[in-house]
Amino acid sequence: MSPGDFLGDSHEVARALIGAMLVVDGVGGRIVETEAYDREDPASHSFSGPTPRNEAMFGPPGRAYVYRSYGIHWCLNFVCREEGHGAGVLIRAIEPLLGLDVMRERRGLEDVRLLCSGPGRVGQALGITRELNGKRLDQSPFQVLSAAGPFPIAMGPRIGISKAMEVHWRFGLQGSPFLSRRFA
DNA sequence: CGAACGATTAGCT
DNA sequence: GCTAATCGTTCGA
């Protein structure tokens, strides 16, 4: 995919990314779960404007926004809309397809279902670190291929937030066994 | 400068 | 289902 594919609203991009292929340095798979975040969104890191942490969200679309979650996990987002806006899509789960052995090594697990079924797990399995923050998604080490679709899409409230619970900006590949959680 | 709080996960009951 | 782990970010004094 190219930067031009990330110009839509975050919820549109989040939905379109279901089924897309995400590979980082040869390791990755099919995106099966995403969440959208936007500037006018109390649950978003960008809600209160630019800060040192969320700087990448206000940068050019089609780049990575990486943040540390709970002081433990690295989570990967795709920046979207337009430069300066502050929107992004959190990659919550992928179906592991490439580099399974590397993922197992990094995760310390065998069960393929547990390798990438959650944003923190995706970060660990794909080797996401702060060094990738702000990096272009159409250049090494990233490879993002558009979804072949159409796919049956499930949607519902985002997970782990305390604000804007009424907004249904969590998207998933219906019936996938690799989701972080089932949809209601 | 102190303190509260996470866009989470693993492990135990 | 419940909670500890763990620490950077953000905000108020």
Side-chain angles (χ1 to χ4, degrees), chain A residues 6 9-18 20 22 24 29 31-59 61 63-81 85-96 103-135 137 153-173 176-184:
Chain A
F6 297 92
D9 285 346
S10 56
H11 59 276
E12 295 171 343
V13 174
R15 176 188 287 265
L17 281 171
I18 298 301
L22 166 63
V24 181
I31 297 172
V32 297
E33 184 182 341
T34 60
E35 278 179 2
Y37 290 89
D38 200 77
R39 177 62 195 273
E40 307 297 322
D41 171 9
S44 174
H45 287 171
S46 61
F47 182 62
S48 298
T51 65
R53 173 177 67 161
N54 67 24
E55 180 182 4
M57 283 188 87
F58 291 89
R63 302 203 185 194
Y65 164 47
V66 176
Y67 73 94
R68 190 87 144 139
S69 177
Y70 287 86
I72 305 167
H73 310 101
W74 292 106
C75 295
L76 173 66
N77 294 256
F78 291 174
V79 177
C80 61
R81 279 198 74 148
H85 185 83
V89 174
L90 173 67
I91 307 303
R92 286 195 56 90
I94 71 175
E95 175 181 342
M103 291 189 193
R104 290 194 170 100
E105 172 88 25
R106 289 170 173 164
R107 295 274 298 121
L109 288 171
E110 291 297 316
D111 190 346
V112 66
R113 290 202 186 198
L114 295 178
L115 291 180
C116 302
S117 56
R121 292 166 172 171
V122 169
Q124 187 177 28
L126 269 54
I128 303 297
T129 68
R130 182 154 224 116
E131 295 175 16
L132 298 178
N133 189 42
K135 289 270 204 281
L137 296 171
I153 305 293
M155 48 189 298
R158 293 169 292 181
I159 292 174
I161 58 173
S162 58
K163 300 164 186 170
M165 301 295 292
E166 75 285 359
V167 179
H168 290 187
W169 278 358
R170 173 180 177 233
F171 302 90
L173 178 60
S176 171
F178 301 99
L179 299 172
S180 66
R181 293 195 202 175
R182 284 255 150 76
F183 282 81

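We name chains A, B, ... by the order of the sequence lines, and we start the count at 1 in each one.
Residue-level contact check: A:Ser180 touches neither bases nor backbone, having no heavy atom under 4.0 Å from any strand. In this structure, A:Arg107 reaches the sugar-phosphate backbone alone: every heavy-atom distance under 4.0 Å involves primed, P, OP1 or OP2 atoms, never a base. When heavy atoms are screened at a 4.0 angstrom cut-off, A:Arg53 is found touching the sugar-phosphate backbone but no base atom. Counting any heavy atom pair closer than 4.0 Å across all strands shown, A:Ile161 reaches sugar-phosphate atoms only and no base atom. Within the nucleic acid shown, A:Arg181 has no heavy atom closer than 4.0 Å to any nucleic acid atom.
The distance from atom CD of A:Glu55 to atom C1' of C:dG8 is 16 Å, rounded to the nearest whole Å. In this entry the distance linking OH of A:Tyr65 with C1' of C:dG8 reads 11 Å, nearest Å. Between the CD1 atom of A:Ile72 and the P atom of C:dC7 there is a distance of 8 Å, given to the nearest Å. Rounded to an integer number of Å, the gap from A:Ile128 CD1 to B:dT9 P is 14 Å. When the C1' atom of B:dT8 is taken as reference, atom OH of A:Tyr67 falls 8 Å away, rounded to whole Å. Residue A:Leu179 contributes atom CG, which lies 15 Å from atom P of B:dT8 at whole-angstrom precision. The distance from atom CZ of A:Phe171 to atom P of B:dA7 is 19 Å, rounded to the nearest whole Å. Distance, A:Arg113 CZ to B:dT9 P: 17 Å, rounded to whole Å.
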Counting only pairs under 3.5 Å, give me each side-chain donor-acceptor contact of residues 9-17 of chain A, with atom names and distances, residues two or more places apart or in other chains.
from, atom 1, to, atom 2, distance (Å)
A:Asp9, OD1, A:Arg81, NH1, 3.2
A:Ser10, OG, A:Tyr37, O, 3.1
A:Glu12, OE1, A:Asp9, N, 3.3

Check: residues 176-183 of chain A side-chain donor-acceptor pairs under 3.5 Å, at least two apart:
from, atom 1, to, atom 2, distance (Å)
A:Ser176, OG, A:Phe178, N, 3.1
A:Ser180, OG, A:Glu33, OE1, 3.1
A:Ser180, OG, A:Glu33, OE2, 2.8
A:Ser180, OG, A:Arg92, NH2, 3.1

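Taking the P atoms as reference points, B:dG2 lies 22 Å from C:dT6, given to the whole Å. Between B:dA4 and C:dA4, the two P atoms lie 16 Å apart (nearest whole Å).
Between A:Arg121 and A:Leu109, the closest side-chain pair of non-hydrogen atoms is not below 4.5 Å. Using a 4.5 Å heavy-atom threshold, the side chains of A:Val32 and A:Ile18 count as separate. By the 4.5 Å heavy-atom criterion applied to side chains, A:Ile159 and A:Glu35 are counted as neighbours. Residues A:Leu132 and A:Leu76 form no side-chain contact, since every pair of their non-hydrogen atoms from C-beta on lies 4.5 Å or further apart.
Which of C:dC11, B:dT9, B:dA7 sits closest to the side chain of A:Ser48 comes down to C:dC11. Here the nucleotide nearest the side chain of A:Tyr70, chosen from B:dG6, B:dA7, C:dT6, is B:dG6. Of the candidates C:dT6, B:dA7, C:dT9, the closest approach to any side-chain atom of A:Asn77 belongs to B:dA7. Taking only side-chain atoms of A:Leu90, from C-beta outward, the nucleotide of B:dG6, B:dA7, B:dT9 with the closest atom is B:dA7. Side-chain proximity of A:His73 to the nucleotides B:dT9, C:dT10, B:dA7 is greatest for B:dT9.
Contact between A:Arg107 and A:Gln124 at its shortest, heavy atoms only, is NH1-OE1, 2.7 Å. Minimum interatomic distance between A:Leu126 and A:Cys116 (heavy atoms only, all atoms of both residues): CD1-SG, 4.3 Å.
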Pairing pattern in dot-bracket form [Watson-Crick, G-U; both distances under 3.5 Å; | = partner strand] for DNA chain C: |||||.||||||.

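The backbone N or O of A:Glu110 lies less than 3.5 Å from a partner atom in the side chain of A:Arg104, making a donor-acceptor pair.
One finds a side-chain N or O of A:His45 lying less than 4.0 angstrom from the OP1 or OP2 phosphate oxygen of B:dA7. The shortest distance between the side-chain N/O atoms of A:Arg170 and the OP1/OP2 oxygens of B:dA7 is not below 4.0 Å. Contact between the side-chain N/O atoms of A:Ser69 and the OP1/OP2 oxygens of B:dA7 is not found at any separation under 4.0 Å. Residue A:Arg68 places no side-chain N or O under 4.0 Å from the OP1 or OP2 atom of C:dT6. Phosphate contact (OP1/OP2 of B:dA7, side-chain N/O of A:Ser44, threshold under 4.0 Å): absent.
Residues A:Val122 and A:Lys163 both approach DNA chain B. Their nearest nucleotides, taken by heavy-atom distance, put A:Lys163 toward the 5′ side.
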